[in-house]
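Here the structure comes first, spelled out in structure tokens, and everything after it is commentary.
First listed ligand is number 1; within each ligand, the first listed atom is number 1.
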Amino acid sequence: MKIVYSRHYDIGFFGLERLHPFDSRKYGRAWRCLKREFGPRLDSVHVKPNRPVSRDELLRVHSAAYLQQLRIPKYVATALELPIVAKLPRFIIDHCILRPMRWGTMGSMLAVRAAIDDGLAVNLSGGYHHAKPEQGEGFCIYADIALAVETARREGHLAPDARVAYIDTDAHQGNGVCHTFLDDKRVFIFDMYNHTNYPCYDHVAQGRIDCHVRIHAGHTSAEYMRSLTESLPGFLDSISRSQPVELAIYNAGTDVYEGDALGQLNVTADHILERDLFVIDELRRRGIPVAMLLSGGYSGESYKHVFATVRTLLERYGI
Ligand SMILES: [Zn+2]
């Protein structure tokens with residue numbers, strides 16, 4: 001097992017990031033908890049990105065016109081749902097907000113590579129599942145998931161016809177991933193989300209999902225878990241029946257938490273841990289390499305949920 005982390009992941013710009021409910025420093029917080037728990041032993045599983053993703057690499061998924069739009073403060077402010085950003089100079093936005101996301105995107109690319117090599121990897125960032133090739137939204141700018149898959153294909157780590165499973169349990173529907181893979185039938189999408197929440201209007205994205213599990217605020221934590229355990233195994237069996245699945249990306253948003261400001265669901269901390277372990281165990285049982293990405297999580301507790309999952313995974317598979 002490998003943990004991908006860079007100290008460049010955290011996003012901060014003079015405290016203004018606190019105006020958004022997202023804890024943009026949860027990456028470093030989760031890492032420091034792991035460091036306290038495992039000490040120098042963590043070094044043996046640590047993959048450290050040595051640069052952010054480049055413009056040329058981003059062009060594998062995004063258009064040049066879209067990357068040009070990211071130079072307009074008002075555009076970025078809308079994508080981040082943070083109006084104050086529109087008033088910041090362009091270089092500050094790029095350096096303090098977009099660059100950490102490019103480090104996180106590189107982390108997702110490395111996590112996919114490490115998962116294929118080692119069977120299991122966690123990027124302590126990434127999972128920007130609302131980003132589309134031509135549009136950023138929902139605090140997601142770069143389509144790291146599609147870019148990681150595309151890069152693994154280009155570099156020969158995945159065969160051109162290799163099947164990929166995308167499993168998304170973030171509270172929000174992963175519409176950007178659906179749009180990016182709209183015509184790519186090698187990718188099979190399982191999405192379990194709050195169907196009354198953003199981006200519920202995106203019917204094109206919902207039409208691309210291979211296995212829907214729709215949840216809403218009325219569901220209890222136990223019902224949430226039951227929905228997952230009743231649907232995921234059958235999905236994995238169905239997509240691997242005629243051809244093996246050679247990679248899974250698990251988008252493990254912690255905004256399903258009962259204390260989360262944006263997810264509007266009722267899942268307990270214990271069930272978030274149980275959920276993550278269930279998904280990863282189901283994949284490993286079938287011999288499918290898995291790269292886990294953090295995605296959303298808008299409570300001050302989010303880093304603790306990440307820590308609990310990664311600590312247990314390390315105890316089982318890593319250290
Ligand atoms: Zn979310």
- Message: More than 12 heavy atoms of other residues, nucleotides or ligands under 6.0 Å from CZ of Arg7: yes or no?
- Response: no

- Note on the structure: Answer key: the N, O or S atom of Asp170 nearest to the Zn ion (ligand 1) is OD1

- Check: His62 ring centre within less than 6.0 Å of Tyr66 ring centre: yes

- Query: Of all the N, O or S atoms in His172, which one sits nearest to the Zn ion (ligand 1)?
  - Reply: ND1

- Query: If you count the non-hydrogen atoms of other residues, nucleotides and ligands that lie under 6.0 Å from CZ in Arg71, is the total more than 12?
  - Reply: no

- Task: Given side chain to side chain donor-acceptor pair (under 3.5 Å), test Tyr193 with Thr169 step by step and report yes or no.
- Result: CA-CA 6 Å; Tyr193 59 97; Thr169 60; over 6 Å; no

- Item | Proximal heteroatom of Asp255 relative to the Zn ion (ligand 1) (N/O/S) | OD2

